[in-house]
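Single-structure report; data block below.
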Amino acid sequence: MGGLQIPLEHVLLIASCLFSCGLAGLMLRRNLIFMLMSLEVMLNSAALAFVAAGARWGQPDGQIIFLFILSIAAAEVAVGLGLVLQIQRRFKTLDMDQANRLRG
Amino acid sequence: MAVLWLIPFLPFLSATLMLLSAGRMPRYLSAWLGVGSIGLAAVCVALVARAYLADHQVQELTLWTWMSVDNFTPRIAFRVDGLTVVMMSVITGVGFLIHLYSVEFMWEDESICRYFAYMNLFVAAMLLLVMADNLLLLYLGWEGVGACSYLLVGFWYRDPDNGRAARKAFIVTRVGDTAMALGLFLLFTELGTLDIQPLMAAANDRWQIGDTLPILATALLLGGALGKSAQLPLHTWLPDAMAGPTPVSALIHAATMVTAGVYLIARLYELFLLAPPTLAVIAWIGLLTLLLAAFTALAQKDIKRILAYSTISQIGYMFLALGVGAFASSIFHLVTHAFFKALLFLAAGAVIHCLHHEHNIFRMGGLRTRLPVVFLSFLIGSAALAALPFSSGFFSKEGILLSAWTQPGIGPWLWAGGLLGALLTSIYSFRLVFIVFFGEAQTEPDRQPGWQMAIPLMVLCVLSLVGGWFVLPLSGVLPDPGHDPVSHWVEYISIGTPLLGLTVAYLLYLGRQVSIASLMASPAGAAVQSFWYGGARIDKLYDLLLVRPFTGLTHWWRNEPVDLLYNALVWMTRWGHGRLVVLQTGELRWYATSMVFGLLLLLAIVLRDSA
Amino acid sequence: MMESLFYGASAVALLATVAALTRANAAHALIYLIVSLLAVAVLFFLMGAPFAAALEIVVYAGAIMVLFVFVIMMLNLGEAGNSREREWLAPRKWIVPGILAGILLLELVLAVRHAPDNTSGVEVPPKMVGLTLFGPYVLAVEIASLLLLTGLVGAYHIGRRFIVRRDFSRPGDNS
């Protein structure tokens with residue numbers, strides 16, 4: 001498959017764009033499901049940057065970090081979606097601005 | 001002697017059992033245990049006393065070494081000589097009678113178990129005090145009786161006044177105890193031991209009569225004795241200590257604990273003989289106290305307070321005797337006083353018990369026919385207190401007065417003062433008898449004392465009558481210089497004074513030859529009466545001189561500058577909390593956005609540095 | 001050829017992501033998100049990481065997204081939810097997140113501007129990944145396994161129905 005000659009800068013730019021989009025989504029959306037999706041986007045962009053770096057040096061470490069990010073994402077989604085269910089059951093809404101009982 | 005250790009251990013064991021039962025022990029069991037343990041201890045004491053009287057052999061028993069630090073090795077050890085035998089007999093004998101009496105007196109109280117626990121603990125501590133062969137163990141007993149006194153004065157703790165009286169008793173005696181502790185430190189640093197016999201030997205070796213160090217040490221020990229024995233200027237706690245149950249007053253505040261100071265001085269007499277100025281001070285303090293307390297007793301209305309002041313006054317006699325070197329006379333008076341004052345207190349308790357807890361003597365009266373047993377007891381007790389001829393008090397007080405008379409130099413003055421005190425004693429004793437038992441009946445008794453009350457009263461009556469003929473086994477233990485034969489008129493005057501007092505009391509309070517009311521009505525009379533009714537205003541004086549400046553200081557210092565700093569810290573934290581709490585919106589998106597702000601800032605810093 | 005494929009996949013990924021995060025309907029958003037993930041998988045593949053690409057498709061686009069699908073189906077938000085989402089997506093709500101994300105992008109661009117030379121494009125085969133994973137990284141693997149176990153237990157516990165207790169609920173909420 002060799003021979004792809006893309007400046008690393010471009011890959012990292014794409015990852016930055018994806019990360020910024022995810023962050024904007026996190027700040028924008030009030031629905032907990034969309035917030036979780038935004039988090040997935042952000043994790044994914046970080047994974048892209050790692051894989052790109054691994055590819056630059058021809059080392060497997062980038063992919064290994066991707067694997068760890070994957071497992072973190074899996075665990076996070078499992079717990080997060082459990083919370084989604086529980087919050088929907090308890091508050092009858094997924095609006096995170098209403099689940100603010102921890103306010104000082 | 002094998003039973004020796006049982007003597008303090010039995011009361012201690014029963015006290016521990018009762019305390020561990022947390023008040024859930026049945027009444028009967030508490031009473032049996034409480035009285036029985038003292039009874040057994042008394043039997044043990046009787047065995048020990050018989051052995052001692054047979055051969056006059058000092059008995060010693062070392063249980064174990066308390067602690068061992070360098071050359072400081074106090075032991076838990078007992079030493080029983082004639083003085084200790086006398087004290088143990090009084091403590092367990094009178095203590096047993098008072099415990100028996102308490103069964104009836106306290107039967108209706110819900111905390112009877114706690115009562116007997118404290119009483120037994122007290123007896124154990126008191127026995128420890130008199131049996132100890134070193135001063136540290138003595139001090140343990142000394143503090144132990146102080147703690148029990150505190151617990152028992154505040155026995156009915158639901159009334160805040162009783163708690164206040166208990167604290168007062170504890171704190172005032174604490175002043176003296178601190179002095180005593182300092183005295184012990186001084187003795188140990190100077191003589192290197194606290195064991196009583198080696199200590200006195202070392203003191204005799206190392207110090208001359210009139211040296212500064214023995215004077216200082218004895219003065220400090222005297223401080224402890226003054227506090228415990230309620231002598232001027234630390235006597236103010238005793239009248240208030242009457243807040244406790246009456247048998248407690250009889251046992252602790254008349255017969256035993258308050259005489260601990262006398263015991264201490266007698267026990268360390270060799271040390272005190274090295275310090276003639278201290279002895280002179282003791283004599284003068286005794287004289288002053290006995291006169292002041294006698295005057296005060298004349299003006300009181302509360303039956304127990306009268307007896308309390310008379311106790312202070314009688315202990316004043318004992319101090320007077322100690323001061324003139326008549327140690328044996330002092331202990332003799334201690335013993336007879338234990339008999340007749342316990343009798344008086346128990347009789348007063350019976351009156352109070354039968355009259356719905358009435359304390360005011362002017363609301364009694366005419367009880368002669370209504371409570372005949374109590375009347376007889378009170379009459380005998382008062383006769384002994386006033387030292388009417390052939391009562392026990394007569395012999396002991398006579399000895400003291402004659403010893404004072406033969407003291408060179410100041411002797412006649414002390415004698416005259418003591419005589420005036422005897423006159424006053426006689427007047428206030430019979431004032432009490434006449435007001436309470438004669439005249440019109442004010443309050444009807446609702447019951448008669450039962451056998452548990454009557455038997456101790458009867459036994460104490462007998463002891464008060466014949467106690468004067470006892471020969472205490474003190475020869476060889478305490479020096480009693482005795483007194484040279486004195487001219488007969490001195491003796492006649494001593495005998496006649498109480499009779500004169502009796503006559504005066506009769507004229508004033510029974511015969512109504514002189515109207516007390518008209519005397520009291522005059523401004524001067526009223527002023528005098530109120531002066532003495534307030535205990536010579538000494539409480540007020542202390543309040544003004546000590547308590548108020550102290551509380552004022554604490555109030556002022558409560559807002560101390562250092563606190564301001566911490567308060568400012570608290571205030572700033574609160575203020576910051578109020579400001580920062582708005583950031584805690586509880587909104588997830590807000591938190592995320594704030595994190596982004598931080599992230600941007602950090603990235604910007606990194607970029608600026610790398611650029 | 002592969003360069004154009006790379007830029008094409010990148011464009012798809014970006015567009016699909018933006019679309020996913022601006023949808024009102026959660027199910028639609030999810031489809032766009034899957035598209036985005038698949039496009040990233042293509043990027044992985046092109047960069048010489050076929051193992052990562054496969055995992056991206058199987059685990060990310062497959063397993064994890066399926067979880068989202070399940071939850072969205074269970075919640076059954078419906079049209080009311082969609083209209084409410086639309087209302088929450090009004091343009092003026094975009095201002096602050098947009099600005100912040102823009103600044104972040106700017107800063108990231110500045111940061112990666114001088115990244116060194118090209119990607120090598122050399123394939124890193126799965127075997128090499130596996131050897132490294134269970135060699136130097138074995139401790140991290142154990143930690144990751146522990147994390148997954150924790151996630152499992154946590155999800156099981158949180159998702160249980162009966163932990164709804166009255167004292168947790170709001171006043172007046174009789175669930």
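Here is the naming used below: chain letters follow the sequence lines, and residue numbers restart at 1 for every chain. If you're wondering where the values come from, they're calculated on a predicted model, not measured in any experiment.
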Check whether [X] gets within reach of chain A through its side chain, its backbone, both or neither, counting any heavy atom under 4.5 Å.
{"X": "C:A9", "result": "neither"}
{"X": "C:T132", "result": "both"}
{"X": "C:E56", "result": "both"}
{"X": "C:V153", "result": "neither"}
{"X": "C:A11", "result": "neither"}

Closest contact, heavy atoms only, [X] versus [Y]:
{"X": "C:V12", "Y": "C:A39", "value": "CG1-CB, 3.9 Å"}
{"X": "C:E123", "Y": "C:P125", "value": "O-CD, 3.5 Å"}
{"X": "C:V40", "Y": "A:L48", "value": "CG1-CD1, 4.3 Å"}
{"X": "A:V11", "Y": "A:A52", "value": "CG1-CB, 3.3 Å"}
{"X": "C:M128", "Y": "A:P60", "value": "CE-CD, 3.6 Å"}

Option that, when pairs with chain A are counted at under 4.5 Å, heavy atom only, ranks first among [options]:
{"options": "C:V18, C:L37, C:L149", "value": "C:L37"}
{"options": "C:G151, C:S36, C:P50, C:A52", "value": "C:A52"}
{"options": "C:L75, C:V109, C:T22, C:L131", "value": "C:L75"}
{"options": "C:V59, C:L152, C:T150", "value": "C:V59"}
{"options": "C:A144, C:A49, C:A63, C:A13", "value": "C:A49"}
{"options": "C:P136, C:S10, C:G154", "value": "C:S10"}

Given that the side chain runs from C-beta out, which part of [X] has a heavy atom under 4.5 Å from chain C: side chain, backbone, both or neither?
{"X": "A:I33", "result": "both"}
{"X": "A:L67", "result": "side chain"}
{"X": "A:R30", "result": "both"}
{"X": "A:E76", "result": "neither"}
{"X": "A:V41", "result": "side chain"}

Check whether [X] reaches the backbone of [Y] with its side chain - one donor and one acceptor, N or O, closer than 3.5 Å.
{"X": "A:Q86", "Y": "C:I158", "result": "yes"}
{"X": "A:R56", "Y": "A:L8", "result": "no"}
{"X": "C:R23", "Y": "C:A19", "result": "yes"}

For the candidates [options], which exhibits the highest count of non-hydrogen atom pairs separated by less than 4.5 Å from chain C?
{"options": "A:G80, A:A75, A:S20", "value": "A:S20"}
{"options": "A:V79, A:L26, A:V51", "value": "A:V51"}
{"options": "A:L23, A:L28, A:I14", "value": "A:L28"}
{"options": "A:L81, A:L83, A:V77", "value": "A:L81"}
{"options": "A:Q88, A:M27, A:R29", "value": "A:R29"}
{"options": "A:G82, A:S16, A:G25", "value": "A:S16"}

### Task
Could you go through the side chain to side chain contact (heavy atoms under 4.5 Å, CB included) check for C:Y137 and A:D61 one step at a time?
CA-CA 9 Å; C:Y137 283 97; A:D61 304 66; 2.8 Å; yes
### Task
Check whether the ring centres of C:F44 and C:F51 lie less than 6.0 Å apart, and answer yes or no.
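So the answer is no for these two rings.
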#### Entry: C:F6 and A:H10 aromatic centres sub-6.0 Å
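Here the rings of A:H10 and C:F6 have centres that are no less than 6.0 Å from each other.
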### Task
List in chain and number order the residues that pass side-chain contact (heavy atoms from CB on, under 4.5 Å) with C:L110, two or more places apart in sequence or in another chain; answer none if no residue qualifies.
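By the side-chain contact (heavy atoms from CB on, under 4.5 Å) rule, C:L110 matches B:L607, C:R113.
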### Message
List the residues meeting side-chain contact (heavy atoms from CB on, under 4.5 Å) with C:M74, not counting sequence neighbours, and say none if there are none.
### Response
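If we apply the side-chain contact (heavy atoms from CB on, under 4.5 Å) test to C:M74, skipping adjacent residues, the hits are A:L85.
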#### Entry: 4.5 Å side-chain heavy-atom contact, C:L133 and A:F68
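The answer is yes, as the side chains (C-beta and beyond) meet within the 4.5 Å cut-off.
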### Message
Non-hydrogen contacts under 4.5 angstrom with chain A: give the residues of residues 26-34 of chain C involved, or none if there are none.
### Response
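At a heavy-atom separation under 4.5 Å, chain A is reached by C:A26, C:A29, C:L30, C:L33.
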### Message
Quick check on C:Y7: does its OH atom have over 12 non-hydrogen neighbours (other residues, nucleotides or ligands) under 6.0 Å away?
### Response
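Atom OH in C:Y7 is crowded, with more than 12 foreign heavy atoms closer than 6.0 Å.
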Donor-acceptor list for residues 96-105 of chain C side chains, cut-off 3.5 Å, not counting sequence neighbours:
none

### Query
From C:L21 CG over to A:F34 CZ, what is the distance, rounded to the nearest 0.5 angstrom?
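Spacing of CG (C:L21) from CZ (A:F34) equals 8.5 Å.
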